[in-house]
Amino acid sequence: MSRFWSKVVHTLTPYVPGEQPKLTNLVKLNTNENPYGPSPKVLEAIQGAAADTLRLYPDPNADHLRQVIAQYYAPQGIQAEQVFVGNGSDEVLALVFQALLNHDKPLLFPDITYSFYPVYCALYGIDYELVPLDADFQIQVQDYLRPCGGIIFPNPNAPTGRWLELDELEAILAGNPDAAVVVDEAYVDFGCESAVGLVHRHPNLLVVHTLSKGRSLAGLRVGFAIGHPDLIEAMDRVKNSFNSYPVDRLAMAGAIAAMEDREYFDRTRSAVMASREALVADLAALGFEVLPSCANFVFARHPGRAGADLAAALRARSIIVRHFQRPRIDDYLRITIGTQVQCQALVKALGELLG
């Protein structure tokens, strides 16, 4: 508390990011980072960009990166003017809340979802309503077919890992033609079908992506959004009223290389998905209830042990998972899919704790 704080600061409850412990020999399965490093071509591109360009400002419009992203989604008919690029998907989302979701009617999003959403609402003074997931932690389409100031949710959802099929998403879009519908696809690369192909049919749809998960660039901070040019223009207007250079030269070079190296992307995400299915089977054998997941994590609970107790016991063994002290999910653990060695270490530790 300080007399120098503005009124809004007194009301904020900031987002709490996943812990980044500084422990040695740690099995880190708490922040949904990719267990495999970025493409070697990314590192080469960053080194090349650093050679003689850092004295210059980056392209404020990130035109080359936008063109590369549009080319990646060329089968869906995406053009560069339908792409927005930002400093990680969190910044993209922050601009989305200001540009497209700040209206008189309340914004709708699930009661169990990405916990940054209510933080953005508090920061920008956006009224919102939490829409409960059903008993199986699924989004119910009919709950979103009502007047609102906008809709946002991850697909697959976080921290549950559950997802909507595209026909269900399209029903929400069709039922809300006058409201922006933002689909946060941070985890879509691990087995779900992207909604990017629906953009041309629904001018109210904005799809947000990150390069942190599927392309192993959490430390580089690049995200993007795809939608109708009118939506992109709104975001550009807010961005250029805040920070004209959100993506630096090194980040742009690395992101371009990551988007272009499709073989490495497909190989590493396939490895993550295979490890996920193996981990689900191992957890089930230990008596865990594991929700279906289309992400690079699983959401699981054990009927015989409290989630907080298990998380603490694992931490004592230098294994970090994510536990949320929130209603309905306080007995669940969100477990990032690690390497095979990391997953085996987790399963061995759980077996000893439950045995």
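Residues take their numbers from the sequence shown, with the count starting at 1.
- Cluster membership for Leu173 and Leu206, using ILVMFWY side-chain heavy atoms within less than 4.5 angstrom, is not shared.
- In this structure, Val347 is not a member of the same hydrophobic cluster as Tyr332, with clusters built from ILVMFWY side-chain heavy atoms closer than 4.5 Å.
- Of the possible polar contacts, one joining the His200 side chain to the Gln76 backbone as a donor-acceptor pair under 3.5 Å is found.
- Here the CD atom belonging to Gln98 is positioned 10.5 Å from the CG atom belonging to Leu100, to the nearest 0.5 angstrom.
- For the pair Phe153 and Ile172, the minimum side-chain heavy-atom distance is below 4.5 Å.
- For the pairing with Glu170, the side-chain contact (heavy atoms from CB on, under 4.5 Å) check across Leu198, Val141, Val181 returns one residue only, Leu198.
- For Arg237, the CZ atom sits in a loose shell: 12 or fewer heavy atoms of surrounding residues, nucleotides or ligands are nearer than 6.0 Å.
- With hydrophobic clusters built from ILVMFWY side chains whose heavy atoms lie under 4.5 angstrom apart, Tyr72 does not share a cluster with Val188.
- When hydrophobic clusters are built by joining Ile, Leu, Val, Met, Phe, Trp and Tyr residues whose side-chain heavy atoms come closer than 4.5 Å, directly or via intermediates, Tyr36 is not grouped with Val222.
- Within the model, atoms OG1 of Thr268 and CG of Asp266 stand 8.0 Å from one another, a figure rounded to the nearest 0.5 Å.
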- Chi angles and distances behind the side-chain contact (heavy atoms from CB on, under 4.5 Å) call for Phe84, Leu231: CA-CA 9 Å; Phe84 177 89; Leu231 305 184; over 6 Å; no
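- Between Glu185 and Ala195, the closest heavy-atom pair is OE2-N, 2.7 Å.
- Of all heavy-atom pairs between Asn30 and Val321, the closest is CB-C, 3.7 Å.
- Between Pro156 and Ala295, the shortest heavy-atom distance links the atoms CG-CB, 4.1 Å.
- The closest side-chain heavy-atom distance from Ile151 to Leu107 is not below 4.5 Å.
- A donor-acceptor pair under 3.5 Å is formed between the side chain of Arg162 and the backbone N or O of Asp136.
- Rounding to the nearest 0.5 Å places CG of Asp309 at 11.0 Å from CG of Leu314.
- Across every non-hydrogen atom of Gln82 and Gly77, the tightest pair is OE1-O, 3.7 Å.
- Side-chain atoms of Asn34 do not come within 3.5 Å of backbone N or O of Ser212 as any donor-acceptor pair.
- Partner Tyr187 forms a side chain to side chain donor-acceptor pair (under 3.5 Å) with one of Asn157, Asn155, Asn32 and no other, that one being Asn32.
- Judged by distance alone, the side chain of Glu91 and the main-chain N or O of Gly88 form no donor-acceptor pair under 3.5 Å.
- The environment of CZ in Phe242 is sparse: at most 12 heavy-atom neighbours from other residues, nucleotides or ligands sit within 6.0 Å.
- Under a cut-off of 6.0 angstrom, the local environment of CD in Glu289 is crowded, with over 12 non-hydrogen atoms contributed by other residues, nucleotides or ligands.
- Under a 3.5 Å cut-off, the side chain of Asn204 and the backbone N or O of Asn176 do form a donor-acceptor pair.
- Between Tyr245 and Tyr57, the ring center distance clears the sub-6.0 Å criterion.
- Here the side chains of Met252 and Pro58 are in contact, with some heavy-atom distance below 4.5 Å.
- The environment of CD in Gln325 is sparse: at most 12 heavy-atom neighbours from other residues, nucleotides or ligands sit within 6.0 Å.
- Looking only at side-chain heavy atoms (C-beta outward), Leu346 and Leu279 come within less than 4.5 Å of each other.
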- Task: In sequence, state the C-alpha distance, the side-chain angles, and the governing distance for Val42 and Leu217, and then conclude on side-chain contact (heavy atoms from CB on, under 4.5 Å).
- Result: CA-CA 9 Å; Val42 169; Leu217 295 179; 3.9 Å; yes
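- Minimum heavy-atom separation, Phe224 to Val92: N-CG2, 4.1 Å.
- Between the side chain of His302 and the backbone N or O of Leu286 there is at least one donor-acceptor pair closer than 3.5 Å.
- Under a 3.5 Å cut-off, the side chain of Arg269 and the backbone N or O of Asp189 do form a donor-acceptor pair.
- Between Tyr128 and Phe109, the ring planes are parallel. Angles under 30° get that label, and only those over 60° would be called perpendicular.
- One distance of note links CG of Asp236 with CG of Asn61; it measures 6.5 Å at 0.5 Å rounding.
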- Under the side-chain contact (heavy atoms from CB on, under 4.5 Å) criterion, do Arg146 and Val131 qualify, and how do the steps go? CA-CA 12 Å; Arg146 55 190 170 104; Val131 182; 3.6 Å; yes
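- Donor-acceptor pairing under 3.5 Å is lacking for the side chains of Arg215 and Thr210.
- Atom CZ of Arg315 is separated from atom CD1 of Ile320 by 4.0 Å, given to the nearest 0.5 angstrom.
- In the hydrophobic clustering, where aliphatic and aromatic side chains (Ile, Leu, Val, Met, Phe, Trp, Tyr) are joined below 4.5 Å either directly or transitively, Phe4 stands alone.
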- Verify side-chain contact (heavy atoms from CB on, under 4.5 Å) between Glu19 and Thr31, making sure each step is shown before the conclusion. CA-CA 7 Å; Glu19 183 185 7; Thr31 50; over 6 Å; no
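- With a 6.0 Å radius and a threshold of 12 heavy atoms from other residues, nucleotides or ligands, Gln71 has its CD atom at or below the threshold.
- Residues meeting the side chain to side chain contact (heavy atoms under 4.5 Å, CB included) test with Val119, sequence neighbours left out: Tyr15, Phe116.
- Taking CG from Leu65 and CG from Leu211, the interatomic distance works out to 7.5 Å, rounded to the nearest 0.5 Å.
- Counting only heavy atoms from C-beta outward, the side chains of Leu283 and Ile335 approach each other to under 4.5 Å.
- The shortest heavy-atom contact between Ala300 and Phe288 is CB-CD2, 4.0 Å.
- Under the 4.5 Å side-chain heavy-atom criterion for Ile, Leu, Val, Met, Phe, Trp and Tyr, Met235 and Leu101 are members of the same hydrophobic cluster.
- Taking the side chain as every heavy atom from C-beta outward, His209 and Ile226 never approach each other to under 4.5 Å.
- Looking at heavy atoms from C-beta onward, Phe297 lies out of side-chain contact with Arg322 at the 4.5 angstrom threshold.
- Within a 6.0 Å radius of CD in Gln340, other residues, nucleotides and ligands contribute 12 heavy atoms or fewer.
- Of the possible donor and acceptor atoms, one in the side chain of Arg66 sits under 3.5 Å from a partner among the backbone N and O of Ala80.
- In summary, the side chains of Lys28 and Gln20 do present a donor paired with an acceptor at a separation below 3.5 Å, with no hydrogens or angles considered.
- Using modelled atom types, one side-chain atom of Asn87 and one backbone atom of Pro246 make a donor-acceptor pair closer than 3.5 Å.
- For the pair Val208 and Ser89, the minimum side-chain heavy-atom distance is below 4.5 Å.
- Less than 6.0 angstrom separates the ring centroid of Tyr114 from the ring centroid of Tyr117.
- Under a 3.5 Å cut-off, the side chain of Arg305 and the backbone N or O of Leu353 do form a donor-acceptor pair.
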